[in-house]
Amino acid sequence: MTITPTIRVQRDDFDLQAEVDLLSKGKPGIGAVVTFSGLCRDDGGVLAALELEHYPGMAEAEMARIGKLAVERFGLLGLTAIHRYGKIAVGENIVLVVAAAPHRQAAFDGANFVMDFLKTAAPFWKKEHGKDGAAGDWVAAKDADDAARDKWK
C-alpha cells in the first residue's frame, strides 16, 4: 500500500487533535503518533507577529517531496504536514507535522526529518513585526538548521 502524505499550505489555523484523528482513526497498524506544532514565539519581548510568505506551488511540491522521502525512509503509515502563511501573532500555530508509524522511533524520526528539511528546503520566509508597530527584518537562515538537516545524510 502506498502512503500519500497530506500536505497543506494555508492561511487559516489548524486543529491539532482533528488532524491526529484524521490521520490515525481506523488504522490498526499504527502504534505511535508523534506530533510537532511550531508556534510563533517572542524571545526578546518585542515581537508582536511573524509574517510568513511562501512560493505558491513550489512550497507544496517541496513539502510533498520531503513527506514522500520520510514515508519511504521510516516506513510511516501516515504523515500530515501543514504550514501556515500570513501574519501570525505570538502564541499562534505556524506549522504542524503528524507522523504515524507502527513503532515510536520511526514516528519520532519521521517527524524530526520532516521538520529539519522544512526549515531548510521549503520556500518559506519570515518577517518580524514588533510590538511597537514597526516591521522588522526578514529572518535569516541559521547554520544550526543546516546542521540538523545534514545529520540525515
Side-chain angles (χ1 to χ4, degrees), residues 1-43 47 49-128 138-153:
M1 175 170 70
T2 302
I3 304 299
T4 302
T6 298
I7 303 298
R8 294 199 315 267
V9 177
Q10 63 191 46
R11 182 176 296 277
D12 295 331
D13 199 3
F14 50 80
D15 180 326
L16 189 146
Q17 188 60 55
E19 297 299 336
V20 170
D21 292 346
L22 279 171
L23 185 67
S24 63
K25 294 294 183 194
K27 297 178 183 172
I30 292 174
V33 175
V34 168
T35 63
F36 172 80
S37 177
L39 308 175
C40 179
R41 71 177 180 278
D42 178 17
D43 283 332
L47 190 69
L50 286 175
E51 181 179 348
L52 282 92
E53 291 189 10
H54 70 292
Y55 189 126
M58 179 80 85
E60 293 87 348
E62 184 61 15
M63 289 174 67
R65 184 189 73 78
I66 293 164
K68 185 175 186 254
L69 287 172
V71 166
E72 292 170 357
R73 183 167 180 171
F74 302 104
L76 300 180
L77 299 177
L79 177 71
T80 298
I82 302 169
H83 204 301
R84 293 182 61 204
Y85 67 91
K87 200 167 185 181
I88 299 172
V90 169
E92 290 184 354
N93 293 313
I94 295 173
V95 64
L96 175 67
V97 174
V98 184
H103 303 285
R104 66 182 165 88
Q105 195 61 56
F108 275 112
D109 288 346
N112 278 325
F113 178 91
V114 169
M115 276 309 305
D116 287 343
F117 278 84
L118 282 181
K119 292 278 292 180
T120 57
F124 288 92
W125 302 275
K126 297 184 270 189
K127 184 176 189 176
E128 296 176 334
W138 290 99
V139 178
K142 296 180 178 77
D143 290 339
D145 292 334
D146 289 336
R149 177 207 56 221
D150 291 346
K151 75 179 179 221
W152 297 106
K153 293 182 180 178

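Quick note: residue numbers are just sequence positions, from 1. These figures come from a predicted structure and were not determined experimentally.
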Please output the side-chain donor-acceptor pairs of residues 75-91 that fall under 3.5 Å, not counting sequence neighbours, one pair per line with the distance.
residue, atom, partner, partner atom, Å
R84, NE, R11, O, 3.2
R84, NE, D12, O, 3.4
R84, NH1, N93, O, 2.7
R84, NH2, R11, O, 3.1

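For D143, the CG atom is loosely surrounded, since the number of other residues' heavy atoms within 6.0 Å does not exceed 12.
Among pairs with a residue in residues 110-119, those fulfilling salt bridge (charged side-chain N to carboxylate O under 4.0 Å, His left out) read D116-K151, K119-D145, at least two apart in sequence or across chains. Under the salt bridge (charged side-chain N to carboxylate O under 4.0 Å, His left out) criterion, the residue pairs touching residues 52-71 are E62-R65, K68-E72, with sequence neighbours excluded.
A heavy-atom distance below 4.5 Å is found between the side chains of V9 and F124.
The shortest heavy-atom contact between A106 and F74 is CB-O, 3.3 Å. Considering every non-hydrogen atom in both W152 and D109, the closest pair reads CH2-O, 3.7 Å.
To the nearest 0.5 Å, atom CZ of residue F113 and atom CG of residue L69 are 5.0 Å apart. The structure places SG of C40 at 8.5 Å from NZ of K126, a figure rounded to the nearest 0.5 Å. If you take CD1 on I66 and CE on M115, they are separated by 9.5 Å, rounding to the nearest 0.5 Å. Taken to the nearest 0.5 Å, the NE2 atom of H103 stands 12.5 Å off from the CD1 atom of I30. For the atom pair CH2 (W125) and CG (L50), the distance works out to 15.5 Å, reported to the nearest 0.5 Å. To the nearest 0.5 Å, the span separating CD on E19 from CG on L16 amounts to 8.0 Å.
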